[in-house]
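So you know, we letter chains A, B, ... as the sequences are listed, proteins then strands, and number each from 1. Just so you know, these numbers use all the heavy atoms, side chains as well, and skip hydrogens, waters and symmetry mates.
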Amino acid sequence: MNLRSILRTTALAASVLLPSALWAKPVTVAVYANLTGLDPANVNDFLSQSSTRLMYQGLFSFDQKMKITPLLAESYEANDDATEFTIKLKSGIKFHDGTDFNAEAVKVNIDRLRDPANNLSRRSLVSMVSDVQVVDDTTVKLILEKPFGAMIASLAHPGAMMISPAALEKHGKEVNRNPVGTGPFKFVSWSADTLEVTKNDDYWKEGLPKVEGVTVKSVPESGARFAMLQTGEAQFVPSFPPELLEAAAKNPKLDVITEDSIFEFYTTMNTTKKPFDDKRVRQAMNYAIDKEAFCKVAFGPGCMPADSIIPPLLSFHAAQTPYPYDPEKAKALLKEAGYENGFETDLWSGSSTEVQRGAQVLQQQLAQVGVKANVMPLESGVATEKIWSVQKPEDATVQMYYTGWSSSTGDADWGIRPLLYSESFPPNLFNVAYYKNDQADAAIKGAIGTAKDEDRAKFYAEAQKIVWDDAPWIFLSVPKNYSAKQKALSGVYIQPDRMFVVEEAEFTE
Amino acid sequence: MLGYLAKRLVSTGTVLVLVMMCTFAFVHMLPGDPARLVAGPTAAVEDVQAVRQALGLDKPLPEQFVSYVSRLAHGDLGTSLKTRRPVATEIGERLMPTVWLTVTAMSWSTLIGLLIGVMSAVRRGRWQDHLGMLVAVSGISFPPFWLGLLLINLLSVRLGWLPTGGYGTWQHFIMPSITLGVGVAAVMARFTRSSFVEVAREDYVRTARAKGVPERQVIWRHALRNALIPITTMVGLQFGFLLGGSIVVESVFSWPGLGRLLVDSVSYRDYPVIQALILLFSIQFILINLIVDVLYVVANPEIRYS
């Protein structure tokens, strides 16, 4: 760009800016990081996932309370042992490029996702599918190689959304930058830090969308995001920083929204190594923490102590009896286990300010019962090496790890299996406590083996009870999600998994 | 002059190779497995392995270095691990915003810095001098991050005059270039002042005065011209720092430039992009040094290179 073209753009922009009040403007959403891609099957971060949902839709989706609802699908049926799923599709829906959404399109998408040769990061969502059969134009049948009761929840994950087969054909891997779906908005452009989409005039949902378009802008500095909201340059800030909540609440033009989340924070203890191989020690750690206080300091108002291994909004949650704050009992248990004078241990955590604040609260409270925890913040690359790439449990050096988890399928399966199943030790999945209990394993396996909700509920209730008593974690908290918006904008929210939703956005002034 | 240039170019080439080796080594010493970061935390072990092979990360380091250099020689900077686009495209998109921001910041800060410096030197010991240096010291001690937020709060939120951030119109340039340039202006002012005071003591200045040359001409033509030589070096150095150092400012003002690209790439272990950016910043530094040396000759033809 030379000076003349800058001047020209400037003049143009000035002339465009003046009458802007007369136009229906797009919604601007300010987010804290750059998007990493627009191929739903190949992104991992929830900002990109949220953004792909402007343009793409899946067979199923989640509502505001994380309940699974049919979207492009009409209904489904499953056989008893959860190996066959027959899905009925809605008819008459078209992709942005004018091609039909139908059973064939579903087959193309699921086959693409499950094919290891394509190397898509969301492959695990459908890797258990062995065949996709087109029954007729609006009916598709999934055959699984082994029972998987959480199949529908997997399909509701944004990673399994439907891309136009014609676009896949045309763009190949470049579909990442040329998204074509069935969603409320059509792709316009995606440059360094800005994604622009425009209203899909042929959207299949009556009366939607109600805004001209959406701009997703990455603004890393939280103070700057807040400023944009105040000046009206942005109208919606999902994941609003808690420390600015008070200032935002004072502004009459803004709404601060507090919503339930499915994030649970906990601290794993390596159950294969001393001193945490002793259940009494692990329980003592749970008695030693004042969870209410932890919540307040680490996450601000609205945070709740965890009452199970999964948060209340997740399907099949069953509340357990909390470990009350009882330092005397903690000391007694430690004494019983032979640690009368406490012990010293390393407490690993992430490196962000918020996470470290939480780790420090733990450190301070554990000190009260004689446990000296050295807080060690791990930058993500180091964590990958020290935690996730460890090949054998006996090589693991992790002692305690303070972290959080959100089950992105909204299902108990993904909230429990990756974290507490004995086949989920790193590097496979995320069982950093190296927790193995045969009964718990049997319950988790039993739950995958059926598609019947009442049976799954029974299995998961059992798993939750066993793990809670075994205490491989210090069960900590379920914080709220915060977002802020301009009063003039309505219809936007964040889902419990922190995804932002602007499909029904509307300017009311 | 030509011979000198040729010699400089050869040594520049050597420095470049060293820089390439260092970048390559540093980047591979960073902890963390890029294959896993690319494949994603939920990817199966075999998927991670496949990514590793696809990226050539399973090969021995020397082999990786050789193929890196040979690709560079063909003008291929590689493919971003994160976006899977050519690194040249990624950098190309972000280059001009950073260059324009740097140029804007550099222009006003050099000018203001020079003026304050000369004023302080000429009025040495008087209130103009004290005021000028007070401003300069405050400029140096202002953390750019805080200054940026302060400006946003005042000019955007309270007064509504300027956009809070982003890139596009001339209004977008004002706050970031102030934030970026304040430190430079301050350094320039102090440096100009001392350089000017030094030159003012020289014999030829005294001679000029004695000959009855008007004071204005003594200052602007004789003293400043000679004071400019060390100042040019300073400008060059500051320029180099600005190009690389706009990271904070780009983050505060959501400026889609190279600084932010570097931050993003480091957190993602996007090796090819990090390598290319460090290489680019090094080349900029080397080139600026070269230009400064050439400018020496322009500022004072008395200087000769043998």
Taking only distance into account, with no hydrogens and no angle test, what donor-acceptor pairs under 3.5 Å do side-chain atoms of residues 223-232 of chain A form with protein atoms, sequence neighbours excluded?
| unit_1 | atom_1 | unit_2 | atom_2 | d |
| --- | --- | --- | --- | --- |
| A:Arg225 | NH1 | A:Val219 | O | 2.8 |
| A:Arg225 | NH1 | A:Pro220 | O | 3.4 |
| A:Thr231 | OG1 | A:Ala227 | O | 3.3 |
| A:Thr231 | OG1 | A:Met228 | O | 3.2 |
| A:Thr231 | OG1 | A:Glu233 | N | 3.4 |
| A:Thr231 | OG1 | A:Glu233 | OE2 | 2.8 |

Assert top hit (heavy-atom pairs under 4.5 Å, partner chain A, pool B:Glu93, B:Arg260, B:Arg94) equals B:Arg260

Please determine, among B:Ser156, B:Pro163, B:Gly148, B:Gly165, the option with the most heavy-atom pairs under 4.5 Å with chain A.
-> B:Pro163

Region of A:Lys173 in contact with chain B, defined by heavy-atom distances below 4.5 Å | neither

Aromatic centroids of B:Tyr167 and B:Trp255 separated by under 6.0 Å | yes

Could you look at B:Arg158 and say if it's the side chain, the backbone, both or neither that has a heavy atom under 4.5 Å from chain A?
-> neither

Answer with side chain, backbone, both or neither: which region of B:Phe253 has an atom nearer than 4.5 Å to a non-hydrogen atom of chain A?
-> neither

side-chain hydrogen bond (donor to acceptor under 3.5 Å, both in side chains) involving A:Glu145 - partner list, sequence neighbours excluded = none

Counting distance only, does the side-chain N/O of B:Trp108 pair as donor-acceptor with the main-chain N or O of B:Ser177 below 3.5 Å?
-> yes

Please confirm whether the backbone N or O of A:Thr403 pairs with a side-chain atom of A:Trp348, one donor and one acceptor, at under 3.5 Å?
-> no

